[in-house]
Amino acid sequence: MVERKKLLITGASGFLGWNLCRAAHDRFMVTGVSYSRPVAVDGVVARQCDLRDGGAVASLFASVTPDLVVHVAALVNPNDCQERPEASRDINVDAALRIAEHCGAGNIPCVFISTDLVFDGSRPPYSEESAPHPISRYGEHKLEAETGMRSRCHDLLICRVPLMYGDAPPGAGSFIQPMIAALREGREITLFTDEYRTPACGASVAQGILLALEKARGIIHLGGRERLSRFDFGQKLAASMKIKAPRIKGILQREVATGAPRPPDVSFDSAKAFALGYAPLSIDEELARLACIRSFEP
Ligand SMILES: NC(=O)c1ccc[n+]([C@@H]2O[C@H](COP(=O)([O-])OP(=O)(O)OC[C@H]3O[C@@H](n4cnc5c(N)ncnc54)[C@H](OP(=O)(O)O)[C@@H]3O)[C@@H](O)[C@H]2O)c1
């Protein structure tokens, strides 16, 4: 029997890391790393490590001896990163470079999870060949990590992921969980009519990352199939919950002051991933199969 490879996944207590652990644990021996919250996936070995601590990261690599690493962990809220740039740099840049150094030194293939927010949103759709130009601190730091990791780890794959939605472990979530709660309770939600994304379901993105690990090199974009505004996404969500008169108010980006600048349209061109077999469903299909929505149906 062929021994399964040892896969180290950081950010395993978060939204995407949890989805990735669930997708990977029957194919790999998975160690899931978290910081402040537990890792809650059967069949995954849980480890706690502050990735900002160089000694702790060295011990982690020495004890796990991974064959592959997917670095998911990050400070992901752009407004937080804008307000606390040093906190963002510590985890989004310095910890990422440290992980790349260990991978480089050990000849360990590494996947780095990056973002559509490395683009400024003025010339969509964005393919892997498009020139990045971030406008927020978060986007700048993720791009700095991409560049720095590449120079430290020769076998680095960068998976840029879009705005994601889907099932999540306790204590984590995607942008739809608060929307589901508000819609269910009949509260009004306000959503941008002029902010466009190619959102994808976390479970499908997780499958895309595993596919890319096997087949892709360099950079790959794992966007969803459809480009739509947040307002239109909210309408689809309400329809999937069978809510007849959802209280969704459309607003424009310029009507709201946010901590971090918001790009208008960072839609991905994901043709490269689709050609490799990445197969996210349509948003309507993804929403129909999500447990977090079915549990709220009347
Ligand atoms: N969510 C999106 O829509 C989206 C869109 C584009 C790109 N991304 C990228 O996708 C990745 C995952 O995002 P997500 O939404 O899953 O994030 P998330 O739910 O906020 O999870 C973040 C993870 O990072 C871990 N972490 C934070 N600081 C840490 C530290 N000092 N040491 C060790 N672990 C630490 C957290 O651990 P604890 O919770 O245990 O503290 C958690 O597991 C990120 O790289 C992000 O840039 C996300």
Side-chain angles (χ1 to χ4, degrees), residues 8-23 31-41 44 46-57 60 69-81 84 86-96 98-99 110-119 126 134 136-146 149 158-179 195 197-206 208-209 221-224 230 233 260 262-263 266-268 270:
L8 182 71
I9 299 174
T10 69
S13 53
F15 170 75
L16 180 60
W18 176 81
N19 276 286
L20 186 59
C21 284
R22 296 212 311 171
T31 299
V33 181
S34 69
Y35 173 48
S36 61
R37 295 176 289 181
V39 176
V41 184
V44 168
R47 290 287 301 263
Q48 191 274 335
C49 178
D50 184 350
L51 299 173
R52 297 167 300 183
D53 177 340
V57 174
L60 179 72
V69 172
V70 183
H71 178 45
V72 182
L75 187 62
V76 304
N77 184 308
N79 294 335
D80 281 355
C81 295
R84 300 189 298 133
E86 289 314 316
S88 171
R89 172 167 294 284
D90 284 349
I91 181 72
N92 290 342
V93 182
D94 296 345
R98 192 170 293 123
I99 285 167
C110 179
V111 178
F112 174 53
I113 304 302
S114 190
T115 172
D116 49 5
L117 295 180
V118 297
F119 298 108
Y126 293 98
S136 67
R137 199 69 77 203
Y138 168 71
E140 283 169 15
H141 285 168
K142 293 295 277 191
L143 181 61
E144 205 175 320
E146 285 188 8
M149 289 180 83
I158 296 167
C159 289
R160 294 195 185 125
V161 302
L163 178 68
M164 290 178 290
Y165 58 92
D167 290 326
S174 67
F175 73 97
I176 62 169
Q177 273 77 12
M179 284 166 61
E195 185 174 292
R197 302 290 184 259
T198 39
C201 180
S204 294
V205 171
I209 293 167
H221 289 180
L222 297 172
R230 288 193 185 250
F233 188 97
R262 304 181 69 93
V266 288
S267 297
F268 275 150
S270 302

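As the structure lists them, so they are numbered: ligands from 1, and atoms in each ligand from 1.
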Yes or no: does Ser114 have any heavy atom under 4.0 Å from an atom of ligand 1?
yes

Closest to atom 22 (C) of ligand 1 by heavy-atom distance, out of Gly11, Pro78, Ala74, is Ala74

Under 4.0 Å, counting heavy atoms only: does Gly171 come that close to any atom of ligand 1?
no

Checking heavy-atom distances from atom 26 (N) of ligand 1 to each of Ala73, Pro199, Gly139, the winner is Ala73

Counting from 1 in the order shown, the ligand 1 atoms closer than 4.0 Å to a non-hydrogen atom of Ser36 are 38 (P), 39 (O), 40 (O), 41 (O)

Under 4.0 angstrom from ligand 1, any heavy atom of Ser174? no

- Geometric N/O contact Gly173 with ligand 1, under 3.5 angstrom: no

Heavy-atom proximity to atom 42 (C) of ligand 1, picking from Cys81, Ala96, Ser13, Cys159, points to Ser13

> So, is Val72 polar-close to ligand 1, with some N/O to N/O distance under 3.5 Å?
Replying inline: yes

Taking only non-hydrogen atoms of Arg52 and a 4.0 Å limit, the atoms of ligand 1 in range are 31 (N)

Requested in this report: Please state whether Tyr165 comes within less than 4.0 angstrom of ligand 1, counting heavy atoms only.
Outcome: no

Check: Does ligand 1 have an atom that lies less than 4.0 angstrom from a heavy atom of Val161?
Finding: yes

Among Ile113, Val118, Asn19, Leu117, closest by heavy atom to atom 9 (C) of ligand 1 is Ile113

